[in-house]
Amino acid sequence: MASLSLRGIYKKYPGGVVAVSDVNLEIRDKEFIVLVGPSGCGKSTTLRMIAGLEEISEGELYIGDRLVNDIAPKDRDIAMVFQNYALYPHMTVFENMAFGLKLRKVPKDEIARKVEEAARILDLTPLLNRKPKAMSGGQRQRVALGRAIVRNPQVFLLDEPLSNLDAKLRAQMRTEIALLHKRLGTTFIYVTHDQTEAMTMGDRIVVMKGGFVQQIDTPQNLYETPCNKFVAGFLGSPQMNFIDATLIYRDGQYVVQFGSGDTKTSRGVKYEVVLPQSKITPDLEHYIDKEVVMGIRPENVHDEPQYLASATTGIVKCNVEITELMGAEVYLYLECEGSKITARVSPKSTARPQDEIDVVFDAEAIHLFDKETEKTIIN
């Protein structure tokens, strides 16, 4: 099996278009790593450079200890699974899975053994004589995976393999691919724009935007300690709430103020969240009396009576615009002093559209971001 090393990788197109800029990434042997980001962020281009389908403009790519910049795709010992399956419609499942091995002049008995083994792993044995048109999207995707497995590659590359499937099948296939990774013990590099896939499948996630790597970390660390506002907003569903605010220092405490309150005219309401001691860092001193962006995740906005009764700071009056019952939880879409806020609360919540309710922001879960650079001040 193999580790991968991307060192200062760039992809530049004619006309000065830079699709990928200075990607530095060390992928461990047998790791499941996910490249995630919005459309056009460079994740698929990066994957295609690893595969050898795109030429690397600058930098070095190593698979194991071997520099592969100038090595043809077929000689890199990788297998790629595409979004559109790329199956041959006139061939059976068996023939599709065996095709690459036939090209390599692998003996027939060995081809049969490898295809049957892959079919068993992927539960495709009853379908080996079918053609793709007689199969569902999920079955076709498993055939595409099977075609990659039979080659026993050092590295699997998967380019948005589930995006053509419906939501239920996508969730099922996520589990199947994660189990397949554990069974095969091979390095997987997986590209998606779906942050749920990234969070549930990856050992580590590479978040990309505009051709640049924003942050590389475990799903939990990315969620809890994003390095900037983009990462904070991209990961999490519903996404993090962002509110324009001002940081002040009063009576030995750092206080985040927001709302349209004007003490001179008594118009609007000014709300406050006193930052707990666990959030205090030396950097905060530089932001006193400056505008910042406060972030708080929906699950840290509470309307339950026990939270409101015990809260000493961060109580906010909101208007309920929409409620969504999700079964085990309710999403409240709120408006507060011009800011839109989403709360994820208990299904026992009594809030209804047009209600005016109090919610409390968990001060321990506040994030602050620099308004200009969007870099994280505190997590």
Side-chain angles (χ1 to χ4, degrees), residues 34 36-39 137 160 162-175 192-202 205 207 219-220 222-224 226 229-245 256 258-260 269 271 273 293-311 313-367 369 379:
V34 180
V36 69
S39 296
E160 306 214 28
L162 309 184
S163 58
N164 288 341
L165 307 180
D166 63 56
K168 183 180 179 184
L169 195 50
R170 208 158 52 228
Q172 180 187 330
M173 285 298 294
R174 278 205 305 266
T175 306
T192 181
H193 64 272
D194 185 329
Q195 55 93 18
T196 304
E197 282 180 25
M199 292 289 286
T200 54
M201 298 173 78
I205 300 173
V207 183
Q220 195 68 28
L222 285 174
Y223 191 76
E224 293 176 354
K229 185 183 170 188
F230 173 78
V231 175
F234 192 81
L235 296 176
S237 181
Q239 77 159 39
M240 183 182 284
N241 298 295
F242 296 112
I243 301 168
D244 289 336
V256 182
F258 60 98
S260 60
V269 182
Y271 293 109
V273 181
V293 176
M294 176 175 67
I296 186 161
R297 295 206 179 273
E299 61 267 28
N300 301 127
V301 180
H302 303 285
D303 74 337
E304 295 90 340
Q306 66 269 30
Y307 284 100
L308 290 162
S310 60
T313 185
I315 298 175
V316 178
K317 199 169 288 295
C318 297
N319 294 310
V320 181
E321 295 188 328
I322 299 172
T323 64
E324 286 183 350
L325 176 61
M326 307 300 286
E329 57 199 6
V330 172
Y331 295 165
L332 304 180
Y333 296 93
L334 312 170
E335 190 275 335
C336 170
E337 289 293 297
S339 294
K340 301 293 185 182
I341 298 166
T342 305
R344 177 191 274 167
V345 299
S346 162
K348 296 178 182 176
S349 172
T350 58
R352 296 293 178 267
Q354 279 74 58
D355 285 355
E356 185 177 76
I357 64 169
D358 286 340
V359 298
V360 59
F361 291 179
D362 182 352
E364 293 282 354
I366 292 291
H367 302 255
F369 305 95
N379 277 315

K340 bridged to E321 by N-O distance under 4.0 Å = yes

Measure the CG-CG distance between N319 and L332 for me, rounded to the nearest 0.5 Å.
-> 12.5 Å

Give a yes or no on whether the backbone of P226 and the side-chain of N379 come within a donor-acceptor separation of less than 3.5 Å.
-> yes

Near-ring test Y223/F234, centroid separation under 6.0 angstrom | no

Between F369 and F242, ring centroids under 6.0 Å | yes

Is there a side-chain contact (heavy atoms from CB on, under 4.5 Å) between F258 and V316 once you walk through the steps?
-> CA-CA 10 Å; F258 60 98; V316 178; 3.6 Å; yes

Contact summary for G236 and Q195, nearest pair of heavy atoms = N-OE1, 3.0 Å

Could you tell me which non-hydrogen atom of A245 sits nearest to which non-hydrogen atom of V256, and how far apart they are?
-> CB-CG1, 3.6 Å

Search all heavy atoms of H193 against all heavy atoms of S163 and return the closest pair with its distance.
-> CE1-CB, 4.5 Å

Flag side-chain contact, heavy atom, 4.5 Å: D303 against V360 | no

Do the non-hydrogen side-chain atoms of T342 and L334 ever get within less than 4.5 Å of each other?
-> no

Is the backbone N or O of K168 less than 3.5 Å from a side-chain atom of D166, with the two atoms forming a donor-acceptor pair by type?
-> yes

Can you name the nearest heavy-atom pair linking T323 to A351, along with the distance?
-> CG2-O, 3.7 Å

For M199 and L235, run side-chain contact (heavy atoms from CB on, under 4.5 Å): C-alpha distance rounded to whole Å, both residues' side-chain angles, the deciding distance at 0.1 Å, then the answer.
-> CA-CA 8 Å; M199 292 289 286; L235 296 176; 4.1 Å; yes

Interatomic distance, OG@S237 vs CZ@R297, rounded to 0.5 Å, equals 10.5 Å

Heavy atoms, side chains only, cut-off 4.5 Å: are V345 and E304 in contact?
-> yes

About how many Å separate NZ of K317 and CG of D358, when rounded to the nearest 0.5 Å?
-> 4.0 Å

Give, for atom OG1 of T350 and atom CD1 of I357, the distance between the pair rounded to the nearest 0.5 Å.
-> 8.0 Å

I would like to know whether C318 and E356 meet side-chain contact (heavy atoms from CB on, under 4.5 Å); could you show each step before the answer?
-> CA-CA 6 Å; C318 297; E356 185 177 76; over 6 Å; no

Close side-chain approach of E329 and E299, heavy atoms under 4.5 Å = no

Flag the pair D244 / S339 as yes when at least one side-chain heavy-atom distance between them is below 4.5 Å, and no otherwise.
-> no

Quick one: pull up CG in L162 and CG in D194 and give me the separation to the nearest 0.5 Å.
-> 8.5 Å

Under 4.5 Å between any side-chain heavy atoms of H367 and M294, yes or no?
-> no

Under 3.5 Å, is there a donor-acceptor pair between the side chain of S310 and the main chain of Q306?
-> yes

Could you tell me which non-hydrogen atom of G137 sits nearest to which non-hydrogen atom of L169, and how far apart they are?
-> C-CD2, 4.4 Å

Minimum heavy-atom separation for G314 to V273, with atom names?
-> CA-CG2, 3.8 Å

Would I243 and F361 count as a side-chain contact (heavy atoms from CB on, under 4.5 Å) if you check the C-alpha gap in whole Å, the side-chain angles of each, and the deciding distance to 0.1 Å?
-> CA-CA 12 Å; I243 301 168; F361 291 179; 3.8 Å; yes

Report the relative orientation of the aromatic rings in Y331 and Y333; use parallel for angles under 30°, tilted for 30 to 60°, perpendicular for over 60°.
-> perpendicular

N241 (side chain) donor-acceptor with G295 (main chain) under 3.5 angstrom | no

Separation between CE (M173) and CD (E197), nearest 0.5 Å, reads 10.5 Å

Just by distance, do the side chain of S346 and the backbone of K348 share a donor-acceptor pair under 3.5 Å?
-> yes

Just by distance, do the side chain of R174 and the backbone of A198 share a donor-acceptor pair under 3.5 Å?
-> no

